[in-house]
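First the structure, in the form of structure tokens, and then the observations on it.
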Amino acid sequence: MNSDQQLTPDAQAAERFRNLLEIAPDPILEVDAAGRIVLANNEAEKLFGWTRAELAGQPIEMLLPLRFRTNHTAHRAHYSANPKTRPMGTGLDLFALRKDGTECAIDINLSPVSVADGEGRVMCIIRDVSERKRTEEQIRTLNQNLERRTEELAAANQQLELRNVEVERASLLKSEFLASVSHELRTPLHAIIGFSELLAEESAGGLNTKQKRFTSHIHQGAHHLLELINDILDLSKIEAGQLELRQETFALDAAITEVLSSIRPLANNKGIELSDEIQPDLSIFADRIRFKEIIFNLFSNAVKFTREGGRIAVRCAPLPDHIRISVADTGIGIAKDAHESIFQTFRQVASTTKGVREGTGLGLAITKNLVEQHGGQIWVESELEAGSEFFFTIPRTGSGGEEQPSLMPAVVLVVEDDESSRELVVSYLESEGFKPLTAGSGDEGLRVARDSKPDVILLDLLMPGKSGWETLYKLRSTPATAGIPVIITSVMDEKKMGFALGAADYLVKPVAKETLLEAVRKVKRLGLP
Ligand code: ADP
């Protein structure tokens, strides 16, 4: 209705100012020198719930919660003395009171406004910040939760560290205890065995039939005890990682022939036919004595569990990196549900062919540990009454001799979730002639380590899913991977924890190329677990 042409320029400006006020996105109030509301815009009405008519002439304090009102007059007086454009109550939480009695969080900007009669008024531009405050509160709560979780994790890590130190101590004590006890036991046992043999030979006088039988019982019992002690000691040494392998390249058929010649008398006693189907010219990379122990254990079981007149064969099959060797018999066989458990300590599922439990129940547990320490695997295929075939794999070399293994490129498994970091490490390793394998998570790392038996593992600590600590713990406690040195790479510096959990080295990221390669070379050279 009112057109600009009908208004004076001053009136036009005032009209435009009012329009601007109305379309402003924030609530705006104007307050006079006495603290009374002179003007309120549309948004102010919406925020406070009062109409502008209700607000006009009212003290500004009516829009403040009661608890702020008393001090507000002093604040106003202070502002009148220093009028300038600035936020109100910087760093404080400000609240407005609505008509319905509810409060809302606000920010306020103050600007002095001069009017014609020189009266100092104040323009208050208000912003409803309740949404922002809510978000800030949520972030604060999340941060507090995160801090709590981090503290809990640190406490759990510390517990784990302590537990591992305890476990290591206990394992050391166990080994020491076993070593000294078995020494103490073996000395008198040798005396019992020796004297019972002398008695049986009747060199110190004749024995009647009953006495001979008793002497034989003493001899057999003492022998069994000695075997048991030796096996327990062996196993505890292997489990404590104290068994050092002296690996070398040697001819497979010669080593097998040596074992066969010592087992042949036993087989002949039972009329069992032994056949050697090992192809010549194959060599393996192993600890010769321990390899013969593996073969001997399998042969002696085969003889023990095969009836008179049966057959035992030793065979082999060359694979790309390993040689698979098997000992097959036509014996009493093993039920499917015992195929795994027989490799555990003290598991005996069958009597021997003479119906008596012989042996200690430790032979296969020792054999499995030895095979795995060589980086191989062992398993059985068998059915009850249909014979058994025990298979194991052992690393092979070419025909080049002793130096061959060190010339072969070391396989390094990089367990890292971040693709670009993984690529970088892989390129470092390749440039130095290492053969890298990769895994993007802890679980994948465990699987690859178990299947591919790398020479060294580089393990990043911060990965989704399984934590790096957990992966390290699993790697060290799984026999198939326990011997593989693990180098931790992490942005966190927690070397103490890393070494307590059995890491061979600990590198804090970012890691320089040369530092990384030197660490890999070092653990590879020392064969550190
Ligand atoms: P043991 O001293 O009893 O032979 P092992 O650990 O060598 O202990 O073997 C564990 C069990 O596995 C044996 O007691 C037997 O039940 C079973 N076993 C091992 N080898 C054979 C085999 N060749 N044929 C049948 N059963 C076997």
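Excluded from the calculations below are hydrogen atoms, water molecules and symmetry mates; all remaining heavy atoms, backbone and side chain alike, are included. Positions are given from 1 along the sequence. Computed from a prediction, not measured in an experiment: that's the story for all the values here.
Distance CG/L146 to OG1/T141: 12.0 Å, rounded to 0.5 Å. Note that the NZ atom of K304 and the CD1 atom of I272 stand 12.5 Å from one another [nearest 0.5 Å]. With rounding to the nearest 0.5 angstrom, the CG atom of L472 is 12.0 Å from the CD1 atom of I487. Residue E161 holds its CD atom at 8.0 Å from CG of N157, rounded to the nearest 0.5 Å. Here OG1 of T471 is found 11.5 Å from CD of E444. Values are rounded to the nearest 0.5 Å. Taking CD1 of I278 as the start and CD1 of I256 as the end, the distance is 4.0 Å to the nearest 0.5 Å.
In this structure, N297 and S300 approach most closely via the heavy-atom pair O-OG, 3.2 Å. L245 approaches Q373 most closely through the heavy-atom pair CD1-O, 3.6 Å. Among all heavy-atom pairs drawn from P454 and L413, the shortest one is CG-CB, 3.7 Å. Between C316 and L282 the shortest heavy-atom distance is SG-CD1, 3.6 Å. In this structure, I488 and G498 approach most closely via the heavy-atom pair CD1-CA, 4.0 Å. The shortest heavy-atom contact between T330 and G310 is OG1-CA, 3.4 Å.
Under the 3.5 Å distance criterion, the side-chain polar atoms of T478 are left unmatched by any main-chain donor or acceptor of L475. At distances below 3.5 Å, not a single donor-acceptor pair connects side-chain atoms of T481 with backbone N or O atoms of R450. Checked by atom type and distance alone, the side chain of T215 pairs as donor or acceptor with a backbone atom of Q211 at under 3.5 Å. Formation of a donor-acceptor pair under 3.5 Å by the T135 side chain with backbone atoms of E131 is found in this model. Listed for the S382 side chain is a donor-acceptor partner under 3.5 Å among the backbone atoms of I334. A side-chain donor-acceptor contact under 3.5 Å links S262 to the backbone of V259. The backbone N or O of G375 lies less than 3.5 Å from a partner atom in the side chain of H322, making a donor-acceptor pair.
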Could you please spell out the steps behind the side chain to side chain contact (heavy atoms under 4.5 Å, CB included) verdict for F392 and L370? CA-CA 11 Å; F392 69 97; L370 287 176; over 6 Å; no
For a side chain to side chain contact (heavy atoms under 4.5 Å, CB included) check, start with the C-alpha distance between L364 and L298, then their side-chain angles and the critical distance, and finish with the verdict. CA-CA 8 Å; L364 284 179; L298 296 180; 3.9 Å; yes
L517 vs R521, side chain to side chain contact (heavy atoms under 4.5 Å, CB included): CA-CA, chis, key distance, verdict: CA-CA 6 Å; L517 292 174; R521 275 187 228 114; 3.6 Å; yes
Residues E273, R311; criterion salt bridge (Lys or Arg N to Asp or Glu O under 4.0 Å); working and verdict: CA-CA 5 Å; E273 183 192 320; R311 284 189 317 282; 5.1 Å; no
Would F305 and S388 count as a side chain to side chain contact (heavy atoms under 4.5 Å, CB included) if you check the C-alpha gap in whole Å, the side-chain angles of each, and the deciding distance to 0.1 Å? CA-CA 9 Å; F305 297 104; S388 312; over 6 Å; no
Could you give me the CA-CA distance, side-chain angles and deciding distance for D460 and K509, then say whether salt bridge (Lys or Arg N to Asp or Glu O under 4.0 Å) is met? CA-CA 10 Å; D460 175 44; K509 283 181 177 176; 3.0 Å; yes
Kindly determine whether K453 and D321 satisfy salt bridge (Lys or Arg N to Asp or Glu O under 4.0 Å), including the steps that lead there. CA-CA 11 Å; K453 303 282 162 33; D321 296 324; over 6 Å; no
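Salt bridge status for R307 with E385: present, with a side-chain N to carboxylate O gap under 4.0 Å.
Applying the side chain to side chain contact (heavy atoms under 4.5 Å, CB included) rule to E308 yields the partners K270; only residues at least two apart in sequence or on another chain are considered. Under the rule for a salt bridge (Lys or Arg N to Asp or Glu O under 4.0 Å), the partners of R132 that lie at least two apart in sequence or sit in another chain are D107, E136. Every side chain to side chain donor-acceptor pair (under 3.5 Å) that E166 has, sequence neighbours left out, goes to R169. Partners of A335 under the side chain to side chain contact (heavy atoms under 4.5 Å, CB included) rule, at least two apart in sequence or in another chain, are D337, L384. Under the salt bridge (Lys or Arg N to Asp or Glu O under 4.0 Å) criterion, R148 pairs with no residue, sequence neighbours left out. With sequence neighbours left out, N269 forms a side chain to side chain donor-acceptor pair (under 3.5 Å) with no residue at all. Residues satisfying the salt bridge (Lys or Arg N to Asp or Glu O under 4.0 Å) test with R288, not counting sequence neighbours, are E258. Shown here are the side chain to side chain contact (heavy atoms under 4.5 Å, CB included) partners of R324, two or more places apart in sequence or in another chain: A317, L319, W379, F391, T393. Listed by chain and residue number, E197 satisfy the side chain to side chain donor-acceptor pair (under 3.5 Å) test with H219 (two or more places apart in sequence, or in another chain). For E494, the side chain to side chain donor-acceptor pair (under 3.5 Å) test picks out no residue, with sequence neighbours left out. With sequence neighbours excluded, the residues forming a side chain to side chain contact (heavy atoms under 4.5 Å, CB included) with N164 are L160, Y473, L501, listed by chain and number. With sequence neighbours excluded, the residues forming a salt bridge (Lys or Arg N to Asp or Glu O under 4.0 Å) with E293 are R290, listed by chain and number.
In this structure the side chain of P318 reaches within 4.5 angstrom of the side chain of Q279, judged on heavy atoms. Looking only at side-chain heavy atoms (C-beta outward), Q220 and H223 stay at 4.5 Å or farther from each other. You'll find the side chain of T438 stays beyond 4.5 Å of the side chain of E416, heavy atoms only. T367 places none of its side-chain heavy atoms less than 4.5 Å from the side chain of F390. Contact of the I325 side chain with the I295 side chain is registered, since non-hydrogen atoms from C-beta on lie closer than 4.5 Å. Residues D455 and F434 form no side-chain contact, since every pair of their non-hydrogen atoms from C-beta on lies 4.5 Å or further apart. Taking 4.5 Å as the limit, some side-chain heavy atom of F346 sits within range of a side-chain heavy atom of L228. The shortest side-chain heavy-atom distance between V486 and D505 does not fall under the 4.5 Å cut-off.
The neighbour count for L142 CG, taken as heavy atoms of other residues, nucleotides or ligands under 6.0 Å away, is above 12. At most 12 heavy atoms of other shown residues, nucleotides or ligands fall within 6.0 angstrom of atom CD in E419. Other residues, nucleotides and ligands contribute over 12 non-hydrogen atoms within 6.0 Å of the CD atom of E430.
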